[in-house]
A.B. asks: 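Sharing a structure below in structure tokens format, with a few things to ask.
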Protein chains: 2
Amino acid sequence: MSSDNKTLNQSIIKAFTVLDAFTNDKKEWGVRELANKTGYNKSTTYRLLNTLASLNIVHQNSNEKYSLGSKLFELGNRVAIYKTIAKSTNNPIKNVALEIQETVLLSILKEHQVFHINKADSLHGLKINTSIGSYQPIHATASGKLLLAFSDKTDEILKNIELTKVTQHTITNAKAFKKELTKTVNQDYALDIEEFELGLVSIAIPIRNRQQNIIASISASGPLSRFRTENIPNYISILKKGATLIEEEFKDFDSL
Amino acid sequence: MSSDNKTLNQSIIKAFTVLDAFTNDKKEWGVRELANKTGYNKSTTYRLLNTLASLNIVHQNSNEKYSLGSKLFELGNRVAIYKTIAKSTNNPIKNVALEIQETVLLSILKEHQVFHINKADSLHGLKINTSIGSYQPIHATASGKLLLAFSDKTDEILKNIELTKVTQHTITNAKAFKKELTKTVNQDYALDIEEFELGLVSIAIPIRNRQQNIIASISASGPLSRFRTENIPNYISILKKGATLIEEEFKDFDSL
DNA sequence: CATAGTGTTTCACTAAATGAAACGTTGTTT
DNA sequence: AAACAACGTTTCATTTAGTGAAACACTATG
């Protein structure tokens with residue numbers, strides 16, 4: 001068992017486990033339902049929700065179910081760095097999404113993963129279900145491969161990640177993966193055809209600062225059924241429009 | 001002492017007390033500094049930060065100080081209702097702020113207080129320090145008086161609030177306050193001259209839906225030194241431009 | 001009326017959290 | 001170079017809070 005100093009506060013762990021259950025797909029939970037989901041006793045769950053409600057972190061609706069409260073919106077707005085970036089990039093990526101007709105993501109490398117700062121959804125019914133603020137594997141996504149390929153810490157990061165198999169198309173062989181990164185640098189874009197999720201295709205290009213260092217990626221994702229390899233130059237062209245606008249805004253940033 | 005069922009989880013209370021210390025004014029804290037601020041023992045504070053850091057709710061910078069982490073940004077983005085409204089209203093209120101040359105706020109009534117959904121800062125160095133997601137008193141602010149005046153629950157809310165003195169200009173007499181609300185309805189805007197904060201002036205107008213029910217307020221705030229009563233019609237005109245754009249977006253909403 | 005499901009409460013018991021003191025590191029002052 | 005001040009971090013004995021089973025009260029459904 002870990003020493004005292006590294007023992008985590010269990011009540012806080014439980015509280016955020018409960019909060020994590022609230023997603024865009026399921027915005028409200030009953031007490032017992034949430035207890036089943038988290039594995040916590042229903043009395044414990046009730047007390048956690050009660051405390052969180054008293055702080056406006058969740059609130060109880062008129063149907064007795066609980067949903068996220070305004071306090072998280074406030075706290076989320078204090079994480080200023082991402083809020084500012086999200087705000088500034090809304091229009092460029094929205095325009096790209098309209099033109100490319102797929103979901104567009106703005107992403108950076110963070111903690112050896114791909115972190116999504118902003119998103120503009122496709123208007124199609126069939127679209128990826130990725131959230132702003134979420135992480136995805138670096139080795140199995142277009143954005144991840146692109147950011148890793150151009151990173152100045154590529155070897156260090158490679159030592160710290162596992163090329164785990166996410167789908168049968170995920171590149172798990174180290175040599176093959178390095179070749180993929182070299183190819184990505186050469187062609188100045190990355191492609192992920194079902195490497196992260198079956199039926200899903202993504203294409204990512206770099207966003208550079210004044211010194212030509214990559215600070216983020218912009219990508220488009222959609223189902224394989226709507227994807228044509230002959231359309232790649234067109235996709236890149238549209239993504240570049242968005243990238244250019246974002247680069248103007250962040251040309252003097254070292255990173256996002 | 002309260003019964004078992006209403007006893008709040010102290011660890012969660014402490015965790016969010018710690019998180020509340022991180023503001024736009026002070027984004028990073030050392031362990032002892034934060035312990036002094038919150039009144040918690042430095043060991044306790046260290047453990048709280050350690051747990052929060054393990055969840056990416058805070059993170060420790062290279063200078064050993066702690067700041068808010070990406071997880072709050074993610075959780076904040078799940079409070080979809082405010083995020084959507086904030087996103088849709090960014091341009092209108094930004095444009096109003098540019099033209100009016102003061103800080104502009106979009107606000108609603110929530111829990112007998114004024115809740116700020118969105119904000120566009122003035123470019124002046126001297127400007128109000130209000131945060132998105134924060135609450136202000138309903139009786140001592142322009143937005144609050146406006147939203148209360150037009151509310152269909154005015155009397156009920158008045159029974160539940162105290163006309164506490166915030167500055168010497170705050171209206172604390174019930175009769176005088178009711179007259180102020182009547183005047184607000186008649187002139188279709190509200191003014192707060194140093195009622196909430198000395199030296200601060202705010203003017204608010206309504207945002208209406210298709211049924212002409214007020215769903216929010218848009219206001220401008222700045223220092224008394226830059227305020228001229230003869231400019232009120234001009235301020236209202238500019239605010240109305242923003243209100244009109246927002247009304248187009250939310251004309252079918254019953255409330256925000 | 002019976003049943004099933006919910007949120008909420010109680011109480012005896014269990015586990016977690018706490019704080020004082022000390023440690024190790026870094027930067028500053030003498 | 002040594003002493004000092006401030007920091008983050010760790011330890012251990014002690015204190016406090018948190019927990020879960022069982023029961024209650026309510027609502028909806030058949």
Side-chain angles (χ1 to χ4, degrees), chain A residues 1-23 25-69 71 111, chain B residues 1-23 25-69 71 111:
Chain A
M1 170 81 85
S2 61
S3 54
D4 184 338
N5 64 319
K6 289 308 174 194
T7 302
L8 302 176
N9 185 302
Q10 290 307 301
S11 293
I12 298 171
I13 298 290
K14 282 171 175 165
F16 281 93
T17 301
V18 158
L19 290 177
D20 262 335
F22 295 89
T23 63
D25 295 326
K26 190 163 176 62
K27 298 181 196 293
E28 60 174 25
W29 295 82
V31 176
R32 290 185 197 232
E33 190 181 24
L34 187 46
N36 286 340
K37 164 78 175 175
T38 59
Y40 299 143
N41 184 281
K42 67 183 188 302
S43 307
T44 301
T45 304
Y46 181 77
R47 288 195 193 90
L48 292 169
L49 288 169
N50 205 41
T51 301
L52 293 168
S54 78
L55 298 169
N56 278 330
I57 291 152
V58 302
H59 90 281
Q60 193 173 25
N61 306 321
S62 50
N63 63 354
E64 300 197 312
K65 297 201 185 288
Y66 290 81
S67 48
L68 290 181
K71 184 67 181 180
E111 289 150 36
Chain B
M1 170 80 84
S2 62
S3 55
D4 185 339
N5 64 318
K6 289 307 174 194
T7 301
L8 302 176
N9 185 302
Q10 291 306 302
S11 294
I12 298 171
I13 298 290
K14 281 172 176 163
F16 282 93
T17 300
V18 159
L19 290 177
D20 263 335
F22 296 90
T23 62
D25 294 328
K26 190 163 176 63
K27 297 180 196 296
E28 59 174 26
W29 294 82
V31 177
R32 290 183 197 231
E33 189 181 24
L34 186 47
N36 286 338
K37 165 75 173 175
T38 59
Y40 300 143
N41 184 281
K42 68 184 186 300
S43 307
T44 300
T45 303
Y46 181 77
R47 288 194 193 90
L48 292 169
L49 287 169
N50 205 42
T51 301
L52 292 170
S54 78
L55 298 168
N56 279 329
I57 292 151
V58 301
H59 91 278
Q60 192 173 27
N61 305 320
S62 50
N63 64 352
E64 299 196 314
K65 296 200 184 290
Y66 291 81
S67 49
L68 290 180
K71 184 68 179 179
E111 289 150 37

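By convention in this document, chain letters (A, B, ...) are assigned in the order of the sequence lines, proteins followed by strands, and residues within each chain are numbered from 1.
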A.B. asks: What's the separation between atom CD in Gln60(B) and atom CG in Leu52(B), rounded to the nearest 0.5 Å?
C.D. replies: 12.5 Å
A.B. asks: CG of Leu49(B) versus P of dC7(D): gap in Å, rounded?
C.D. replies: 14 Å
A.B. asks: In whole angstrom, what separates Asn63(A)'s CG from dT6(C)'s C1'?
C.D. replies: 12 Å
A.B. asks: Answer yes or no: does a side-chain N or O of Tyr66(A) lie under 4.0 Å from OP1 or OP2 of dT6(C)?
C.D. replies: no
A.B. asks: Do Leu34(B) and Phe22(B) have side chains that get closer than 4.5 Å, going by heavy atoms?
C.D. replies: yes
A.B. asks: Give me, pair by pair, the N or O atoms of the protein and of nucleotides 26-28 of chain D that are less than 3.5 Å apart, along with how far apart they are.
C.D. replies:
none

A.B. asks: Show the nearest heavy-atom pair for residues Val58(A) and Tyr66(A), with the distance to one decimal.
C.D. replies: CG2-CD2, 4.0 Å
A.B. asks: For dT6(C), does either OP1 or OP2 sit under 4.0 Å from a side-chain N or O belonging to Gln60(A)?
C.D. replies: no
A.B. asks: Apply ring pair (Phe, Tyr, Trp, His ring centres under 6.0 Å) to Phe16(B) and list each qualifying residue two or more places apart in sequence or on a separate chain.
C.D. replies: Phe16(A)
A.B. asks: If the sugar-phosphate is the primed atoms plus P, OP1 and OP2 and the base is the rest, what is the B/S/- string for nucleotides 20-26 of chain C, using protein heavy atoms under 4.0 Å?
C.D. replies: BBB----
A.B. asks: Quick one: side-chain contact (heavy atoms from CB on, under 4.5 Å) partners of Asn41(A), sequence neighbours excluded?
C.D. replies: Ser43(A), Thr44(A)
A.B. asks: Closest heavy-atom contact between Ser67(A) and Lys27(A)?
C.D. replies: CB-O, 3.1 Å
A.B. asks: Let me know which of Arg32(B), Glu33(B), Arg47(B) forms a side-chain contact (heavy atoms from CB on, under 4.5 Å) with Lys42(B).
C.D. replies: Arg32(B)
A.B. asks: Find the distance between CG (Leu68(B)) and CD (Glu28(B)) and round it off to the nearest 0.5 Å.
C.D. replies: 11.0 Å
A.B. asks: Do you know the tightest heavy-atom contact between Ile12(B) and Leu55(A)?
C.D. replies: CG2-CD1, 4.1 Å
A.B. asks: Residues two or more places apart in sequence or in another chain: which of them pass side-chain contact (heavy atoms from CB on, under 4.5 Å) with Thr17(A)?
C.D. replies: Ile13(A), Thr38(A), Tyr40(A)
A.B. asks: Considering just the side-chain nitrogens and oxygens of Tyr46(B), establish if one lies under 4.0 Å of OP1 or OP2 belonging to dT9(D).
C.D. replies: yes
A.B. asks: Kindly say if Ser11(B) contacts the phosphate of dG18(D), meaning a side-chain N or O under 4.0 Å from OP1 or OP2.
C.D. replies: yes
A.B. asks: Is Glu64(A) reaching over with its side chain to a backbone N or O of Ser62(A), donor-acceptor style, under 3.5 angstrom?
C.D. replies: no
A.B. asks: Contact class for Asn50(B) vs. all strands (heavy atom < 4.0 Å): base, sugar-phosphate, or nothing?
C.D. replies: nothing
A.B. asks: Is there a residue in residues 12-22 of chain B whose heavy atoms reach under 4.0 Å of DNA chain D, and which residues are they?
C.D. replies: none
A.B. asks: Assign each of Gln10(A) and Asn36(A) to its nearest nucleotide of DNA chain C by heavy atoms, then name whichever residue's nucleotide is nearer the 5' end.
C.D. replies: Asn36(A)
A.B. asks: Output the rounded distance in Å from CG (Asn9(A)) to C1' (dT18(C)).
C.D. replies: 11 Å
A.B. asks: Distance check needed: dG7(C) C1' versus Trp29(A) CH2, whole Å only.
C.D. replies: 17 Å
A.B. asks: Separation of Tyr40(A) atom OH from dG18(D) atom C1', in whole Å?
C.D. replies: 13 Å
